[in-house]
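Scroll down for the structure; my scribbles are underneath it.
Just so you know, residue 1 is the first one in the sequence shown, and it goes up from there.
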Amino acid sequence: MADILSQAKTRQCKIAIDTLIYDPVHRQLSKAGKEIELEPRSQELLEVLLQQTGTPIAADELIAKVWQSNFISKNVLTNRISTLRAIFKEHSPESDATKLLVTYPKKGYYLNAARVSLVEAIEQPLASPPTPSPKKWSVHLVYIAILLVTVGLFIGLTPQQESKITTAPASSSVTVPVVELLLHKVNVTDNSLKPYIKAIKTALLAQQIAYPYINVNNQDAPSYFLSQIDDSPYWPGSRNTLFSDYKLNLRLSKGRSDFELIAQLELVFHSSEKRIFSGEYSLDIKALDSGIARMTADLAKFFALPAIPQPQQNDTLAFVSKTMAAQLDSQQLSSSEVNYLARQLLQTPALEPQKMTHWLERMERDFPNPEEEMEIWLGLLNFKMGQHENARERLFKARFNNQIDNAFVYLVLSDLALKESKPDLFRLYYLKSQVSLSLVLPSKQIFTQLDPDNIQQRCLGAWESLIKNERLSNDLGTWIDIFQDYCDRAQTYFPAPQAK
């Protein structure tokens, strides 16, 4: 991520956006010295994009920053993006505006870093594209490096080379592939290492979720929002996912001192279990997050993805080792700590209403624009406490970006629609819940359930199979009671059985 706007202001430079020039001091866009008129919202949108050049910005984040609201329709943003592209196309017809202002599916929008750079403020470029500055030549060298490395990978990569792959950052790529990754299992060679499993699973999961170029498939498993992070070998959702491109495993062993762990990382194809990448990492127990950040960075290099920003400095081991009461009382929580704590709270049989209400209000103040997963956790907590209006608002906002396709979240949304007597919304989320279960159950079973007779007799359908599944039954816990009258309320909206 490059904050070109701040750099330009600090160095008193202007910004070249293809053949256009933006003056951040006077907030003017121009072409060959002629000013281009920008409406205020388009100007604010452009400046927000310039603050994170090369990194997708989620739709809800753009709306919050530009419109200062969480309740603006996504269509408003889409129209403004189209307007900005139209301006680029009109004044730079030789360039492809869609490759300058890029739409990254499910992630948001960003300005292509290869076509944005700092320029001296004293000169305006001619109408034709400017000669690349020394900084732009460095970008071309990065392109060449990426090409050479890519060719090297196709020519032949031996197993001995797997853990030594270094790929230049791809932040200048116009099209960035979406990597589907499942965090699967952590094995230990000695039971004395089990106390570190929870912290390692928590930290690696948080870093992968925060990285915009990897989709963590665990999030789409129905058990993901129903499982705690504990010292068992599996990440939440890892045993209930049928499809993913890659699967990640770790093996922990003792190091040379009492403060060192050795983590062996293995990346395999999910379908064939064939290993494609491995690496060995020395982890300092007193700084686990930093060691795990090296793993995350190496994965980005292996997939030739943009460089990963430095993660927020956390001490995950210290946090997860606290009692829940101490965690609730912690000040200045990070987003990953909020997600971890909310996950644990959802599995707590009895929540103290007053204390939980106070904590949720504090989270609303501290995180006015939370990312999608945190929004879901807080929405589910509201739902479990019976605060249905707050739950609906949070879960609806979380669906704004449509990054997480989770059957359990859809089931909760369908239940909220039932409580509000909204049949169309109920049917929509009920069907989405059933279809999303195809990630963990054979699709034939889903189709069978959609038969009118089956729906009438067993409205939860495929969910019943999961409820009886040993892997999920413990996780569902008190949630089963919450949905006990679900089918009675849903009957009115199901199609009538066919006459025989």
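- Side-chain contact between V66 and R80: absent, with no pair of heavy atoms (C-beta onward) separated by less than 4.5 Å.
- For the pair L378 and F367, the minimum side-chain heavy-atom distance is 4.5 Å or more.
- The pair K432-D405 fails the salt-bridge criterion, with no side-chain N (NZ, NE, NH1 or NH2) lying under 4.0 Å from an Asp/Glu carboxylate O.
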Run the numbers on H184 and Y234 for ring pair (Phe, Tyr, Trp, His ring centres under 6.0 Å), then give the verdict. CA-CA 6 Å; H184 185 231; Y234 296 96; 5.4 Å; yes
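- Closest heavy-atom contact between L101 and R85: O-NH2, 2.7 Å.
- Within 6.0 Å of CG on D258 lie no more than 12 heavy atoms contributed by other residues, nucleotides or ligands.
- Under the 4.5 Å side-chain criterion, counting only non-hydrogen atoms from C-beta, W235 is not in contact with L182.
- For E371, the CD atom is loosely surrounded, since the number of other residues' heavy atoms within 6.0 Å does not exceed 12.
- In terms of heavy atoms, P370 sits closest to R394 at CG-NH1, 4.1 Å.
- Closest approach of P236 to Y224, counting heavy atoms only: O-CD1, 3.6 Å.
- Note that CG of L193 is 10.5 Å distant from CD1 of I262, once rounded to the nearest 0.5 Å.
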Tabulate below the donor-acceptor pairs under 3.5 Å that side-chain atoms of residues 316-323 make, not counting sequence neighbours, or state none.
unit_1	atom_1	unit_2	atom_2	d
T316	OG1	D289	OD1	3.4
T316	OG1	D289	OD2	2.6
S321	OG	L317	O	2.6
K322	NZ	S330	OG	3.4
T323	OG1	A326	N	3.2

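- Across I197 and D231, no two heavy atoms sit closer than the pair CD1-O, 3.5 Å.
- At least one side-chain heavy atom of P56 sits under 4.5 Å from a side-chain heavy atom of Y213.
- Looking at L288 and I200, their side chains come closer than 4.5 Å, going by heavy atoms from C-beta outward.
- Checked against Q219 for a side-chain contact (heavy atoms from CB on, under 4.5 Å), the options N406, V409, I404 give a single hit: I404.
- The CG atom of N217 sits 11.5 Å away from atom OG of S238, with the distance rounded to the nearest 0.5 Å.
- A salt bridge does not link K65 to E44: none of the charged nitrogens lies less than 4.0 Å from a carboxylate oxygen.
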Run the numbers on F225 and F408 for ring pair (Phe, Tyr, Trp, His ring centres under 6.0 Å), then give the verdict. CA-CA 8 Å; F225 291 101; F408 178 69; 7.5 Å; no
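- Between the side chains of T202 and R343, no donor-acceptor pair of N or O atoms lies under 3.5 Å.
- E260 is linked by a side-chain hydrogen bond (donor to acceptor under 3.5 Å, both in side chains) to R256, S282, counting only residues two or more places apart in sequence or in another chain.
- A heavy-atom distance below 4.5 Å is found between the side chains of Y22 and R27.
- Partners of N390 under the side chain to side chain contact (heavy atoms under 4.5 Å, CB included) rule, at least two apart in sequence or in another chain, are N382, Q387.
- At a threshold of 4.5 Å between non-hydrogen side-chain atoms, the residues L252 and T189 do not count as touching.
- Using a 4.5 Å cut-off on side-chain heavy atoms (C-beta onward), L283 and M295 make contact.
- Taking the six-membered ring where the residue is Trp, Y110 and Y104 present tilted rings, their angle falling between 30° and 60°.
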